[in-house]
Number of protein chains: 2
Amino acid sequence: MSRSAEAVHETLRHSEGFRSAQDIFTEMRADGAKIGLTTVYRALQALSDDGRVDVLRTDDGESVYRACATGDHHHHLVCRHCGHTVEVAGPDVERWAERVAAQNGFTEITHTVEVFGTCNSCTASAER
Amino acid sequence: MSRSAEAVHETLRHSEGFRSAQDIFTEMRADGAKIGLTTVYRALQALSDDGRVDVLRTDDGESVYRACATGDHHHHLVCRHCGHTVEVAGPDVERWAERVAAQNGFTEITHTVEVFGTCNSCTASAER
DNA sequence: GGTCAAAATGAAAACGGTTGTCAAAGTCAG
DNA sequence: CTGACTTTGACAACCGTTTTCATTTTGACC
Ligand SMILES: [Zn+2]
Ligand SMILES: [Zn+2]
Ligand SMILES: [Zn+2]
Ligand SMILES: [Zn+2]
């Protein structure tokens, strides 16, 4: 793993929620890092290939990345306002996916499961 | 709803799986329809706003559309080879999502749940 | 130190799906 | 038929991402 990839990973580990390549690039530059946008993209690619960061797509088609605490399979509960993210295990969902797939003769299953909502601190701010 | 939007909806209803705007455009043109790509995009936008078609994003960032049989909330089991799609209800997943959200203080939940796999007819072809 | 090949880098160009523009065509009530 | 309003579609613009390719950095070997 290249030096820049480590730097990108480091930046990501200091972030709470999912961040876009542009976000990361801008932040690293602001912090004085000499890095190009292309390199950030390449680093994110490598990191996600290695399973060291999770990727998901926003509604508007942007890829966003996060350095999750666990390398094990998990899903996310994401605040759509502040980006605050909680990693959640979903044994029930895993079983449901396998069952429904088996019932319909599907094999080699993969799945995407993400939950979006408003976190309690954002709810509090809105009420204030 | 405009005339073209109905035509797009009609084309979509004759399709089995999820189709891209380009796909639909190409097929309609091949069938002799006089329609522009822009209009197809506008129709798909309108149809999905009205909940008459479902949209999902492929891994490579393309939006694909499908006229599902039910207007009720449901998820999809999609064959990643032939696109064959089964609509599935997921009461267990719905409950799981609400529970995990509540446990973490999240409200106003939405979720995306899609299952991808290989359908039995594609498994059969591969073995042949 | 020096040499050199392989790997990494980044500015700029290309790419591809999608959206915006705007003038032309269609629709329809009066 | 007229005029207002809507719909259409060729084309350009947009934007996140990938590719290109010349330059720089790295690291093994001397
Ligand atoms: Zn929040
Ligand atoms: Zn899972
Ligand atoms: Zn199939
Ligand atoms: Zn659901």
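Any value given below was found using the heavy atoms of this structure, including those in side chains, with hydrogens, waters and symmetry copies removed. So you know, we letter chains A, B, ... as the sequences are listed, proteins then strands, and number each from 1. This one's a predicted model, so the numbers in the text were calculated from it and none came from an experiment.
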Exercise. Which heavy atom of A:Glu27 sits nearest a heavy atom of A:Thr11, and at what distance?
Worked result: OE2-CG2, 3.8 Å
Problem set entry | Which atom of B:Val78 lies closest to which atom of A:Phe106, heavy atoms considered |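 Smallest heavy-atom distance, with atoms named: C-CE2, 3.7 Å.
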Exercise. Charged N to carboxylate O below 4.0 Å: is that the case for B:Arg95 and B:Glu98?
Worked result: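 Judged by the 4.0 Å cut-off on N to carboxylate O distance, B:Arg95 and B:Glu98 do not form a salt bridge.
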Exercise. Under 4.0 Å between a Lys/Arg side-chain N and an Asp/Glu carboxylate O for B:Arg52 and B:Glu6?
Worked result: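 Yes, B:Arg52 and B:Glu6 are salt-bridged.
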Exercise. So, B:Thr85 versus B:His76: side-chain donor-acceptor pair below 3.5 Å or not?
Worked result: no
Problem set entry | A:Arg42 versus A:Ser4, side-chain donor and acceptor atoms under 3.5 Å | no
Length of the line joining [X]:[atom1] and [N]:[atom2], which is rounded to integer Å:
X	N	atom1	atom2	value
B:Ile35	C:dG26	CD1	P	15 Å
A:Asp23	D:dC15	CG	C1'	15 Å
B:Met1	D:dT6	CE	P	15 Å
A:Lys34	C:dG10	NZ	P	10 Å
B:Asp59	D:dT18	CG	P	12 Å

Exercise. Taking only N and O in the side chain of A:Thr39, is any of them less than 4.0 Å away from OP1 or OP2 of C:dG10?
Worked result: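 Indeed, a polar side-chain atom of A:Thr39 lies that close.
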For this session: Please state whether the phosphate of D:dT26, meaning OP1 or OP2, lies under 4.0 angstrom from any side-chain nitrogen or oxygen of A:Arg3.
Result: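 Yes, A:Arg3 has a side-chain N/O under 4.0 Å of OP1/OP2 on D:dT26.
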Atom pairs, protein N/O to nucleotides 13-15 of chain C N/O, distance under 3.5 Å:
none

Exercise. Checking B:His14 side chain against B:Leu12 main chain: does a donor-acceptor pair fall under 3.5 Å?
Worked result: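 Side chain of B:His14 to backbone of B:Leu12, a donor-acceptor pair under 3.5 Å: no, none is there.
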Exercise. Under 3.5 Å, is there a donor-acceptor pair between the side chain of B:His75 and the main chain of B:Glu114?
Worked result: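 Here the side-chain-to-backbone pair does not exist.
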Exercise. Which part of the nucleic acid, if any, lies within reach of B:Ser2 when heavy atoms closer than 4.0 Å are counted: base, sugar-phosphate only, or nothing?
Worked result: sugar-phosphate
Write down the protein N/O and nucleotide N/O pairs, taken from nucleotides 16-20 of chain C, whose separation is under 3.5 Å; answer none if there are no such pairs.
{"unit_1": "C:dT18", "atom_1": "OP1", "unit_2": "B:Ser63", "atom_2": "N", "d": "2.8"}
{"unit_1": "C:dT18", "atom_1": "OP1", "unit_2": "B:Ser63", "atom_2": "OG", "d": "3.3"}
{"unit_1": "C:dT18", "atom_1": "OP2", "unit_2": "B:Tyr41", "atom_2": "OH", "d": "2.6"}
{"unit_1": "C:dG20", "atom_1": "O6", "unit_2": "B:Thr38", "atom_2": "OG1", "d": "3.3"}

For this session: Could you walk me through whether A:Arg57 and B:Asp59 pass the salt bridge (charged side-chain N to carboxylate O under 4.0 Å, His left out) test, one step at a time?
Result: CA-CA 9 Å; A:Arg57 293 253 183 188; B:Asp59 286 340; over 6 Å; no
